[in-house]
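Here is how names work: the chains are called A, B, and so on, in the same order as the sequence lines, proteins then strands, and each is numbered from 1. As a basis for the values below, the full set of heavy atoms in this structure was taken, side chains included, without hydrogen atoms, waters or symmetry mates.
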Amino acid sequence: EDKVVQSPLSLVVHEGDTVTLNCSYEVTNFRSLLWYKQEKKAPTFLFMLTSSGIEKKSGRLSSILDKKELFSILNITATQTGDSAVYLCACSMGAQKLVFGQGTRLTINP
Amino acid sequence: DARVTQTPRDKVTEMGQEVTMRCQPILGHNTVFWYRQTMMQGLELLAYFRNRAPLDDSGMPKDRFSAEMPDATLATLKIQPSEPRDSAVYFCASGLMSLTATSTDTQYFGPGTRLTVL
């Protein structure tokens with residue numbers, strides 16, 4: 001069965017801290033791994049990763065994929081209260097279906 | 001700024017009633033997905049269409065759910081009859097998908113329809 005597992009499920013930190021969110025996967029016909037941020041409503045796209053070892057970066061967020069060990073991490077440096085959200089990891093498979101992990105709920109306290 | 005739109009945004013109905021949710025994908029996108037999100041199950045894929053043809057609806061309870069794409073600008077998800085366990089947020093997402101190019105795997109989500117069945 002295709003599976004995407006995120007950890008931790010919940011994380012509370014202080015503003016300014018650096019956080020690392022984890023995503024491991026076991027899926028058939030892996031194509032790519034995607035990270036989304038979900039605040040009040042719809043998930044919004046952050047990154048798509050297809051190649052191992054190549055870091056993708058956007059401002060204070062960065063992500064990397066390890067296709068040998070089947071995991072990805074999402075780093076957020078100098079966190080702000082606006083980073084509070086649920087972060088979702090998903091794998092795209094052969095038919096371009098996305099299988100989502102259960103999400104990590106990140107809370108940034110001022 | 002192209003976006004996926006969904007209507008209604010909120011729906012409260014009574015058990016046994018028919019519910020229809022609508023989605024307008026981003027113009028030019030060839031693939032439309034329907035997801036359901038609950039606290040317990042997270043985001044689950046219900047069905048998806050490519051070029052308006054249904055590709056996979058294995059995530060959907062077939063006895064009461066149906067999904068259609070009558071034209072390229074409209075996708076519908078219908079529940080008849082609705083039950084309290086159908087209460088969830090239903091998301092539509094669209095993408096411009098190519099089986100040969102992973103760069104097209106990104107899906108863009110609509111704002112969702114929050115369904116409450118009493």
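For a residue to count as touching a neighbouring chain, one of its non-hydrogen atoms must lie under 4.5 Å from one of that chain's; by this rule B/Q41 does not touch chain A. Contacts of A/L98 with chain B are made by both backbone and side-chain atoms, with heavy-atom separations under 4.5 Å. Both the backbone and the side chain of B/L43 come within less than 4.5 Å of a heavy atom in chain A.
Ring geometry, B/Y35 versus A/F100: the interplanar angle exceeds 60°, so the pair is classed perpendicular (tilted spans 30 to 60°).
Considering only residues two or more places apart in sequence or on other chains, A/T20 meets the side-chain contact (heavy atoms from CB on, under 4.5 Å) condition with A/N22, A/I73, A/N75.
Applying a 4.5 Å heavy-atom cutoff, none of the residues of residues 7-16 of chain A approach chain B. Near-neighbour residues of residues 110-118 of chain B relative to chain A, defined by a heavy atom under 4.5 Å from a heavy atom of that chain, comprise B/G110, B/P111, B/G112, B/R114.
Looking at A/E1 and A/K3, no side-chain N of the basic residue comes within less than 4.0 Å of a carboxylate O on the acidic one, giving no salt bridge. Between B/D71 and B/R52 no salt bridge is recorded (no basic side-chain N to carboxylate O distance below 4.0 Å). Between A/R60 and A/D83 there is a salt bridge, since a side-chain N of the basic residue sits under 4.0 Å from a carboxylate O of the acidic one.
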Exercise. Tell me, with the steps shown, if A/E55 and A/K57 meet salt bridge (Lys or Arg N to Asp or Glu O under 4.0 Å).
Key: CA-CA 6 Å; A/E55 186 183 56; A/K57 203 167 165 63; 5.2 Å; no
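Counting heavy atoms from C-beta outward, B/F91 and B/V4 have side chains that stay 4.5 Å or more apart.
Using modelled atom types, one finds a donor on one side chain and an acceptor on the other under 3.5 Å when comparing A/S32 with B/D105. With hydrogens and angles left out, the side-chain atoms of A/D2 and A/T28 include a donor and acceptor closer than 3.5 Å.
Taking A/L88, A/L34, A/V99 one by one and counting their heavy-atom pairs under 4.5 Å with chain B, the maximum is reached by A/L34.
There is a path of hydrophobic side-chain contacts, each under 4.5 Å, that joins A/L106 to A/L61.
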Can I get a per-line list of side-chain donor-acceptor pairs under 3.5 Å for residues 23-33 of chain B, giving both atom names and the distance, sequence neighbours left out?
residue	atom	partner	partner atom	Å
B/H29	ND1	B/S94	OG	2.7
B/H29	ND1	B/G95	N	3.3
B/N30	OD1	B/M97	N	2.8
B/N30	ND2	B/M97	O	3.0
B/T31	OG1	B/R50	NE	3.0

